[in-house]
Amino acid sequence: MQQTISARDASQKLLAWYDRHHRDLPWRVSPPMAKAGVTADPYHVWLSEVMLQQTTVQAVKPYFHKFLSLWPRVSNLAAADTEEVMKAWAGLGYYARARNLKKCAEVVAREHGGIFPDSEDGLKALPGIGDYTAAAIAAIAFNRRSAVLDGNVERVISRLDRIETPLPAARTQMRARVGEMTPAGRPGDFAQGMMDLGATICTPKRPACALCPLNHGCLAFRAGDQEDFPKKPVKKARPLRVGAAFVASRADGAVYLRKRAEDGLLGGMTEVPGTAWTARKDGGITLDARPFEGDWEDCGTISHVFTHFELRLSVYRAEVCARNDSANGWWEPLASLEAQALPTVMKKAIARALPHAFSSAISPSVNEGTPE
DNA sequence: AAGACGTGGGC
DNA sequence: TGCCCAAGTCT
């Protein structure tokens, strides 16, 4: 059994590294001010943490600014139209986060007087806030000594202690270790420092161990097998589903849209009419789901990868002279298409049928299919 | 408690 | 090209 680094030693080295190498991020109060007692705005911390769930910093930045511009305070978000929130979130993915974000804002505004709870338990009771986010907000915005454990920290800890237990079973052990390392003085900086270390030095591939402030005490580094940690379960294959999408346009350029169910995949988002997405690709695509009678032209296919399946969508286009809406959809003018709550897969389908629909030309890079 | 739940970027 | 990955939560 090798010697592991002491919690206090690791904690001090990490904070010293963070003081010199921290990232400057829009939602963050950097060390000099943080050490002077300035804490970040809980609304900003919460908003950024929810956006950052399973999402990269680069992807989050523009959305963070857009949300703050649209809704400067949590009370404004609480009073907003949910549809507007979904439009603003479109493209970020994991849309349940947006639905829960809105619900959480309403609870904070209505039940907490617009002030976020300052305890881990109080925060965790809110929609969309789980173990990680509750601890992060408590530590960063309220200076609570909470053990923050996310993917970055898991990677750092698993290598530091060379933990052979695979995730997620190893989390109990990891949480305990982070708990003893978290300093009472600067819990927020420590949490952010661990995440910065994981994001910039202790990376999944080819970590820069030579630059790591904890390398001397890192058991995996000493053994030379740091890339083998953390141990993860084997992932399942991603099945293929197929379906059809129907892009109906009007003479004036308007496109026919409808709203998806509130729950489940892309819940509460906007779509073009289409078939269900089924597991098999034989049997042909039925055109029963087309919203209007008309001369439907085959535009080929698009592919889109979701977390648990891949979708191959046959896209059809028709110009229809429809004076009345069928079902529950509406005609959206071409000019305002971009601002709708359209998930990326739907923008791809529309761009396939109407190449000029979006100004910022989403390059249909995944459109291997040609009309047959 | 394992599966559902998006997207874009890196290699 | 295809696989892996990114500050998780909910059921």
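Quantities reported herein were computed from a predicted structural model and do not represent experimental measurements. Proteins get letters first, then strands, A, B, ... in listed order; numbering begins at 1 in each.
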Query - A:Trp331/A:Phe292 under ring pair (Phe, Tyr, Trp, His ring centres under 6.0 Å): CA gap, chis, key distance, verdict - result: CA-CA 13 Å; A:Trp331 288 98; A:Phe292 303 100; 5.5 Å; yes

Report task. Indicate, with a heavy-atom threshold strictly under 4.0 Å, whether A:Val57 touches base, sugar-phosphate, or nothing. Result -> base

Query raised in the report: B:dC5 C1' sits how many Å from A:Glu262 CD, rounded?
Result: 16 Å

Report summary line: note: A:Lys348, atom NZ; B:dG8, atom P; distance rounded to Å ~ 7 Å

**Report entry** Among C:dG8, B:dT7, C:dT9, the nucleotide that comes nearest once only the side chain of A:Val345 is considered
**Finding:** B:dT7

Requested in this report: Just call it for A:Leu92: base, sugar-phosphate, or nothing, with non-hydrogen atoms closer than 4.0 Å on any strand.
Outcome: base

Query raised in the report: Base, sugar-phosphate alone, or nothing: which one does A:Arg171 contact when heavy atoms must sit under 4.0 Å apart?
Result: nothing

Query raised in the report: How about A:Tyr132 and A:Glu49: does a side-chain donor come under 3.5 Å of a side-chain acceptor?
Result: yes

Requested in this report: Select one nucleotide: of B:dG9, C:dT9, C:dG8, the one nearest the side-chain heavy atoms of A:Asp131.
Outcome: C:dT9

Report task. Please work out if A:Val153 contacts a base, only the sugar-phosphate, or nothing of the nucleic acid, heavy-atom cut-off 4.0 Å. Result -> nothing

Query raised in the report: Base, sugar-phosphate, or nothing: which does A:Pro168 touch, judged by heavy atoms less than 4.0 Å apart?
Result: nothing

Query - Earlier contact from the 5' end, DNA chain B, for A:Lys236 and A:Gln53 - result: A:Lys236

Query raised in the report: Is there a side-chain polar atom (N or O) of A:His308 under 4.0 Å from OP1 or OP2 of B:dA4?
Result: no

Query raised in the report: Within the side chain of A:Arg28, is there an N or O that forms a donor-acceptor pair under 3.5 Å with the backbone of A:Ala40?
Result: no

Query raised in the report: Within the structure shown, what part of the strands sits under 4.0 Å from A:Arg155 by heavy-atom distance: base, sugar-phosphate, or nothing?
Result: sugar-phosphate

Query raised in the report: Quick one: are the ring centres of A:His304 and A:Phe306 less than 6.0 Å apart?
Result: yes

Query raised in the report: How is A:Trp27 classified with respect to the nucleic acid when contacts are heavy atoms under 4.0 Å: base, sugar-phosphate, or nothing?
Result: base

Query raised in the report: Which nucleotide, B:dG9, C:dG8, C:dC5, lies nearest any side-chain atom of A:Pro204?
Result: C:dC5

Query raised in the report: Quick one: A:Arg206 CZ to B:dC11 C1', roughly how many Å, whole number?
Result: 11 Å

Report task. May I have the distance from A:Gln58 (atom CD) to C:dC5 (atom P), rounded to whole angstrom? Result -> 19 Å

Requested in this report: Using only side-chain N and O atoms of A:His304, determine if any of them is under 4.0 Å from OP1 or OP2 of B:dT7.
Outcome: yes

Requested in this report: Answer with base, sugar-phosphate or nothing: what part of the nucleic acid does A:Gly264 contact at a heavy-atom distance below 4.0 Å?
Outcome: sugar-phosphate

Query raised in the report: Just by distance, do the side chain of A:Arg222 and the backbone of A:His216 share a donor-acceptor pair under 3.5 Å?
Result: yes

**Report entry** A:Met51 CE - C:dT9 C1' separation (whole Å)
**Finding:** 16 Å

Query raised in the report: Quick one: A:Lys205 NZ to C:dC4 C1', roughly how many Å, whole number?
Result: 5 Å

Requested in this report: Kindly point out which of C:dA6, C:dG8, B:dG8 is positioned nearest to the side chain of A:Thr133?
Outcome: C:dG8

Query raised in the report: What interatomic distance, in whole Å, is found between P of C:dA6 and the corresponding atom of B:dC5?
Result: 22 Å

Query raised in the report: Does the side chain of A:Arg97 get closer than 4.0 angstrom to OP1 or OP2 of C:dC10 through an N or O atom?
Result: no

Query raised in the report: Under 4.0 Å: is that the gap between some side-chain N or O of A:Tyr95 and OP1 or OP2 of B:dT7?
Result: yes

Report summary line: Nearest-nucleotide check on DNA chain C, A:Ile129 vs A:Glu49; residue mapping nearer the 5' end is A:Glu49

**Report entry** Whole-angstrom distance between C:dT11 and B:dG6, as gauged at atom P
**Finding:** 14 Å

Query raised in the report: Just checking, any donor-acceptor pair under 3.5 angstrom between side chains of A:Asp161 and A:Thr4?
Result: no

Query raised in the report: Taking only side-chain nitrogens and oxygens of A:Thr55, does any of them come within less than 4.0 Å of OP1 or OP2 of C:dG8?
Result: no

Report task. Give a yes/no answer on whether the side chain of A:Thr344 brings an N or O atom under 4.0 Å of OP1 or OP2 in B:dT7. Result -> yes

Query raised in the report: Atom CD of A:Glu227 and atom P of C:dC4: how far apart are they, to the nearest Å?
Result: 14 Å

Query raised in the report: So what does A:Leu25 hit on the nucleic acid, given a heavy-atom distance under 4.0 Å: a base, only sugar-phosphate, or nothing?
Result: base

Query raised in the report: What nucleotide, of B:dC5, C:dC5, C:dG8, holds the atom closest to the side chain of A:Leu265?
Result: B:dC5

**Report entry** Interatomic distance, A:Lys235 NZ vs C:dC4 C1' [rounded to whole Å]
**Finding:** 7 Å

Query raised in the report: Using a cut-off of 4.0 Å on non-hydrogen atoms, how would the nucleic acid contact of A:Gly91 be classed: base, sugar-phosphate, or nothing?
Result: sugar-phosphate

Query raised in the report: Is the closest side-chain donor-acceptor distance between A:Thr270 and A:Gln340 under 3.5 Å?
Result: no

